[in-house]
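Beneath this line is the structure, given in structure tokens, with notes to follow.
These numbers come from a predicted model, not from an experiment.
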Amino acid sequence: MTLLVIGALSKDGYKLASYAHTPAADSLAYLFGQLAFAPLLFLVIAAIRNGVKGAKLRSSSASAGKQALIFFVIAISVVASLKIYGEYYFSRQDVISGEARTDIVQSFMSGCVRSQQNMAANLGATETQMDSYCNCLASSLGSLTYKQIGMSNAMDYIKRAIEPAVPACQAKR
């Protein structure tokens, strides 16, 4: 859990917020991996310690059911906190910057280049020309806000942001 808090406060804040904001199988697996890392580390350390020393396990006064319940309460609290964090992160009207901008530009570039390669009109275009065109369009994404990217119709905002740049970017090609 502390790894998630540190991630939220560091440069991984955007990734963490986007994982929590758009729950999908891969994002849930990532978050579970982050949550399960520390307990699994303690389990491995205990197993090694008990195996090396040959120590007998001491009986526990706490029931396994009670410990499992505590774990699930903590896990649900963390998931709820992450959901609130994701909602807060993507409710800001600030222009996207830093790691978030880099991630969005990289995603846009890979999708743009793929779509340009598949267009019949670009059969004679070189890879450099297509990269230049997509890079030009990606630079026009600078006006997007976190709130626009966090909305379900984010692609509409992206299209509106690049539309004015299309003629100028085509002229550079």
Using the rule that two of Ile, Leu, Val, Met, Phe, Trp, Tyr join whenever any of their side-chain heavy atoms come within less than 4.5 Å, decide whether Ile70 and Ile76 are in one cluster.
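Per the 4.5 Å side-chain linkage, Ile70 and Ile76 are not co-clustered.
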Same cluster (ILVMFWY, side-chain, under 4.5 Å), Ile162 and Met119
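Not linked; separate clusters.
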Linking Ile, Leu, Val, Met, Phe, Trp and Tyr by side-chain heavy atoms under 4.5 Å, what else ends up with Met109?
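Met109 clusters with Val105.
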Ser91 side-chain N/O to Tyr88 backbone N/O, donor-acceptor pair under 3.5 Å:
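Yes, Ser91 side chain to Tyr88 backbone: donor-acceptor pair under 3.5 Å.
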Is the side chain of Ser77 donor-acceptor paired with the backbone N or O of Val73 at a distance under 3.5 Å, no angle test?
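Checked: pair present.
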Check Pro164 against Ala161 and note the closest heavy-atom contact, atom names and distance.
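In this case the closest contact between Pro164 and Ala161 is CD-O, 3.6 Å.
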Residue pair Cys112 / Ser115: nearest heavy atoms and the distance that separates them:
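Cys112 and Ser115 have their closest heavy atoms at O-OG, 2.9 Å.
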Within this structure, what is the OH-SG distance for the pair Tyr133 and Cys136, rounded to the nearest 0.5 Å?
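Taking OH in Tyr133 and SG in Cys136, the distance rounds to 8.5 Å.
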Once you round to the nearest 0.5 Å, how far does SG of Cys134 lie from CD of Gln117?
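These two atoms lie 8.5 Å from each other.
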Run the side-chain contact (heavy atoms from CB on, under 4.5 Å) test on Leu141 and Tyr157 for me, step by step, so that the C-alpha distance in whole Å, both residues' side-chain angles and the decisive distance to 0.1 Å come before the verdict.
CA-CA 9 Å; Leu141 295 174; Tyr157 289 105; over 6 Å; no
Pick one: which of Val113, Asp103, Asn135, Leu137 meets side-chain contact (heavy atoms from CB on, under 4.5 Å) with Phe108?
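One option only clears the test, and that one is Leu137.
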